[in-house]
Amino acid sequence: MKIKNLVQGLSLSLALVAGSAAFAQININISLAPPAPLHESVPALSPGQVWAPGYWVVNSDRYVWVRGRSMMQRTGYLWQPDRWEQRNGNYYRNVGHWERDTGVKPVKAQKMQKPKHDNGRRHEGKKDKGHHNGRRNDD
């Protein structure tokens with residue numbers, strides 16, 4: 001069976017299902033394996049960016065390579081790239097997504113302490129030489 005027929009049948013099925021329900025993610029499956037991933041040179045990335053490698057997608061009756069790209073890092077998460085998985089003789093595309101990094105411990109923010117102000121009562125409760133009831137003895 002050609003990829004084109006599979007994709008057309010899948011597109012029709014998806015159109016019927018989409019009319020009755022909304023999906024956040026759609027996995028596409030076909031019986032012809034995708035080509036091996038292409039080698040791409042990873043450019044120098046700016047701080048705070050990660051590389052999302054390229055991947056194959058189905059376009060009409062053939063596979064098309066989508067080039068890799070840089071994107072902003074999400075603190076506490078790892079990028080899981082797009083990949084194809086074989087199950088029961090079919091290939092299913094798993095769309096790239098962010099997953100929580102279980103190896104990172106969250107940093108707990110420290111609570112700021114309020115500064116201690118004496119409001120002019122610096123010597124209250126203290127016995128200092130030369131002071132009596134807040135008055136000086138030099139009069």
Side-chain angles (χ1 to χ4, degrees):
M1 198 180 251
K2 288 187 174 184
I3 292 177
K4 184 175 182 179
N5 293 340
L6 285 171
V7 172
Q8 286 176 345
L10 181 62
S11 297
L12 179 58
S13 298
L14 289 174
L16 293 173
V17 171
S20 62
F23 289 99
Q25 178 179 338
I26 297 174
N27 288 330
I28 295 175
N29 63 306
I30 56 174
S31 58
L32 184 63
L38 296 179
H39 174 74
E40 293 181 311
S41 296
V42 179
L45 300 173
S46 300
Q49 292 198 321
V50 295
W51 182 252
Y55 55 93
W56 291 104
V57 295
V58 175
N59 185 6
S60 288
D61 61 346
R62 63 190 176 103
Y63 282 103
V64 176
W65 181 254
V66 176
R67 295 178 53 172
R69 66 202 180 281
S70 63
M71 59 186 169
M72 294 301 297
Q73 169 67 47
R74 288 184 61 190
T75 304
Y77 290 83
L78 295 173
W79 176 251
Q80 299 298 321
D82 290 68
R83 62 186 175 82
W84 286 87
E85 180 179 297
Q86 184 181 18
R87 292 187 310 241
N88 301 324
N90 289 317
Y91 289 86
Y92 299 84
R93 179 175 168 232
N94 293 311
V95 178
H97 60 278
W98 290 102
E99 275 187 13
R100 186 170 294 280
D101 185 357
T102 57
V104 173
K105 293 182 182 178
V107 177
K108 192 172 185 179
Q110 293 181 344
K111 188 175 180 180
M112 297 290 291
Q113 293 182 354
K114 292 183 180 180
K116 295 181 181 179
H117 295 287
D118 62 11
N119 294 329
R121 295 173 287 191
R122 185 172 25 195
H123 300 289
E124 230 175 71
K126 293 183 180 178
K127 291 188 178 181
D128 287 344
K129 290 183 180 179
H131 290 87
H132 181 69
N133 293 334
R135 291 185 164 172
R136 291 188 152 188
N137 282 341
D138 48 333
D139 25 295

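Start at 1 with the first residue, then count along the sequence.
Hydrophobic clustering, with ILVMFWY side chains joined whenever heavy atoms are under 4.5 angstrom apart, keeps V58 apart from V64.
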The test is ring-ring contact (aromatic ring centres under 6.0 Å, His included); show your working for Y63 and W84 and say whether it passes.
CA-CA 12 Å; Y63 282 103; W84 286 87; 5.7 Å; yes
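In this structure, the side-chain hydrogen bond (donor to acceptor under 3.5 Å, both in side chains) partners of R100, at least two apart in sequence or on a different chain, are Y77.
Inter-residue side-chain proximity for R62 and W56 is flagged as unmet; no heavy-atom pair is nearer than 4.5 Å.
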Quick one: side chains of residues 32-50, donor-acceptor pairs under 3.5 Å with protein atoms, not counting sequence neighbours, listed by atom name and distance.
residue : atom : partner : partner atom : Å
E40     : OE1  : G54     : N            : 3.2
E40     : OE1  : G68     : N            : 3.0
E40     : OE2  : W65     : NE1          : 3.2
E40     : OE2  : G68     : N            : 3.1

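Sequence neighbours left out, the pairs with a member in residues 68-83 that pass salt bridge (charged side-chain N to carboxylate O under 4.0 Å, His left out) are D82-R93, R83-E85.
W98 contributes atom CH2, which lies 4.5 Å from atom CD of Q73 (distance to the nearest 0.5 angstrom).
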